[in-house]
Amino acid sequence: AARLLLDAYEYRGLVKHTGGCHCGAVRFEVWASADLHVFNCNCSICTKKQNRHFIVPASRFKLLKGADNLTTYTFNTHCAQHTFCKTCGVQSFYTPRSNPDGYGIAPHCLDDGTVQTIVTEDINGKEWEKAVKEHKTIRDMSKP
């Protein structure tokens, strides 16, 4: 069954990226394109953290280690789950408000060798509701 899943992802043109936090306590793998579409949000927390991320369905993300070393920060609507390593403080992935059924992955936390290109799109998180309503595809990015 695992081999069939692997074949299905490879067939869709996806590659397996691995990554994690700075200290190595948190490690994950994610199936995504080698050509990443990254969001650069200007909301209050993304601005402070310089949070740039690409979105994947939960089914294409696997936490390999470090669940016990993650902590979560929420604010305002408490929909976004900003997870980060308790040891080094790095947020290598999180659950975005726009896609609570998926993950936002920090491309700068991926291991070298699997990313071909990165296209960055600015998103106006200061006017989050309007930006997400007007965006044609963001809500579908976490759909399998």
Side-chain angles (χ1 to χ4, degrees), residues 1-2 5-6 8-10 12-144:
L5 184 60
L6 175 68
Y9 285 145
E10 286 177 334
R12 289 194 235 166
L14 304 177
V15 298
K16 181 169 65 172
H17 303 280
T18 57
C21 67
H22 185 259
C23 72
V26 175
R27 297 288 300 161
F28 64 88
E29 67 182 32
V30 60
W31 285 89
S33 173
D35 302 304
L36 300 178
H37 182 128
V38 172
F39 290 101
N40 180 32
C41 180
N42 68 351
C43 77
S44 61
I45 194 162
C46 287
T47 297
K48 296 273 187 188
K49 293 188 310 174
Q50 293 295 291
N51 180 30
R52 291 172 185 88
H53 60 279
F54 62 96
I55 298 170
V56 297
S59 61
R60 295 192 346 223
F61 176 86
K62 182 178 180 183
L63 183 62
L64 300 174
K65 75 174 197 172
D68 58 335
N69 212 53
L70 289 172
T71 192
T72 303
Y73 172 71
T74 66
F75 68 101
N76 194 16
T77 65
H78 303 283
C79 292
Q81 303 291 308
H82 298 273
T83 51
F84 57 96
C85 175
K86 292 178 188 178
T87 305
C88 66
V90 169
Q91 176 184 289
S92 49
F93 63 89
Y94 81 113
T95 304
R97 179 178 172 193
S98 64
N99 296 79
D101 55 344
Y103 288 95
I105 311 296
H108 51 273
C109 289
L110 297 178
D111 299 334
D112 291 339
T114 55
V115 176
Q116 289 181 341
T117 63
I118 296 177
V119 172
T120 303
E121 177 184 356
D122 291 337
I123 190 157
N124 185 8
K126 288 181 180 178
E127 298 179 276
W128 191 90
E129 287 82 6
K130 179 182 175 188
V132 171
K133 182 179 179 182
E134 291 175 355
H135 198 281
K136 303 286 186 234
T137 60
I138 195 166
R139 291 226 188 240
D140 293 332
M141 290 181 159
S142 58
K143 303 295 182 238

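Given the structure is predicted, the values throughout are model-derived calculations rather than measurements.
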Asker: If I take atom NE2 from residue His78 and atom OG1 from residue Thr72, how far apart are they, to the nearest 0.5 angstrom?
Answerer: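 So the gap between those two atoms works out to 13.0 Å.
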
Asker: Verify, without hydrogens or angle tests, whether Asn69 (side chain) and Cys85 (backbone) share a donor-acceptor contact under 3.5 angstrom.
Answerer: no

Asker: Quick one: sort the Phe93 and Phe61 rings into parallel, tilted or perpendicular, breaks at 30° and 60°.
Answerer: tilted

Asker: Would Val119 and Asp35 count as a side-chain contact (heavy atoms from CB on, under 4.5 Å) here? Give the steps.
Answerer: CA-CA 8 Å; Val119 172; Asp35 302 304; over 6 Å; no

Asker: Working to the nearest 0.5 Å, report the span between SG of Cys46 and NZ of Lys126.
Answerer: 12.0 Å

Asker: Rounded to the nearest 0.5 Å, what's the gap from NE2 on His22 to OG1 on Thr87? Could you check?
Answerer: 12.0 Å

Asker: Rounded to the nearest 0.5 Å, what separation is found between the CG atom of Leu36 and the OG1 atom of Thr114?
Answerer: 8.0 Å

Asker: Measure the shortest side-chain to side-chain distance between Ser92 and Phe28 over non-hydrogen atoms and say whether it is less than 4.5 angstrom.
Answerer: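 Ser92 reaches Phe28 side chain to side chain.
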
Asker: For residues Leu63 and Leu70, determine if any side-chain heavy atom of one lies less than 4.5 Å from a side-chain heavy atom of the other.
Answerer: yes

Asker: Within a strict 4.5 Å, meaning less than it, do heavy atoms of the Gln116 and Val15 side chains meet?
Answerer: no

Asker: Using side-chain heavy atoms (C-beta onward) and a distance below 4.5 Å, is Val115 in contact with Pro107?
Answerer: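 The answer is no; the side chains never approach within 4.5 Å.
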
Asker: So do Leu64 and Lys62 actually touch side chain to side chain, heavy atoms under 4.5 Å?
Answerer: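 In contact.
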
Asker: Measure the shortest side-chain to side-chain distance between Asn124 and Lys130 over non-hydrogen atoms and say whether it is less than 4.5 angstrom.
Answerer: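 Not in contact.
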
Asker: Between Asp101 and Ser142, does any side-chain donor sit less than 3.5 Å from a side-chain acceptor?
Answerer: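 There is such a pair between these side chains.
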
Asker: Rounded at 0.5 Å granularity, tell me how far OG1 in Thr77 sits from CH2 in Trp128.
Answerer: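 It comes to 7.0 Å.
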
Asker: First locate atom CD of Gln91, then atom CD of Gln50, and finally report the distance between them rounded to the nearest 0.5 Å.
Answerer: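 The CD atom of Gln50 is 12.5 Å from CD of Gln91, to the nearest 0.5 Å.
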
Asker: Please check if the side chain of His17 supplies one atom and the backbone of Gly113 the other of a donor-acceptor pair under 3.5 Å.
Answerer: no

Asker: Does atom NZ of Lys86 have more than 12 heavy-atom neighbours, drawn from other residues, nucleotides or ligands, at distances under 6.0 Å?
Answerer: yes

Asker: Would you find a donor on one side and an acceptor on the other, under 3.5 Å apart, between the side chain of Arg52 and the backbone of Ala106?
Answerer: no

Asker: Apply salt bridge (Lys or Arg N to Asp or Glu O under 4.0 Å) to the pair Lys133 and Glu127, showing each step before the final yes or no.
Answerer: CA-CA 10 Å; Lys133 182 179 179 182; Glu127 298 179 276; over 6 Å; no

Asker: Counting distance only, does the side-chain N/O of Thr18 pair as donor-acceptor with the main-chain N or O of Glu29 below 3.5 Å?
Answerer: no

Asker: Say whether, by atom type as modelled, one donor and one acceptor occur between the side chain of Arg60 and the main chain of Trp31 under 3.5 angstrom.
Answerer: yes

Asker: Taking side chain as C-beta onward, heavy atoms only, is Thr83 less than 4.5 Å from Val26?
Answerer: no

Asker: For Phe84, does the six-membered ring have the charged nitrogen or CZ of Lys49 within the cation-pi criterion, i.e. under 6.0 angstrom from the centroid and within 45° of the normal?
Answerer: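 Checked: cation-pi criterion not met.
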
Asker: Taking atom NE2 of His108 as the centre, does the number of heavy atoms from other residues, nucleotides or ligands within less than 6.0 Å exceed 12?
Answerer: yes

Asker: Relative to each other, are the rings of Phe39 and His53 parallel, tilted or perpendicular (30° and 60° limits)?
Answerer: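 Because their plane-to-plane angle lies in the 30° to 60° range, the rings of Phe39 and His53 count as tilted.
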
Asker: Taking the side chain as every heavy atom from C-beta outward, state whether Leu110 and Val30 have any atom pair closer than 4.5 Å.
Answerer: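 Answer yes - side chains close enough.
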
Asker: Decide side-chain hydrogen bond (donor to acceptor under 3.5 Å, both in side chains) for Asn40 and Thr120; before the verdict, give the C-alpha distance in whole Å, the side-chain angles of both, and the deciding distance to 0.1 Å.
Answerer: CA-CA 7 Å; Asn40 180 32; Thr120 303; over 6 Å; no

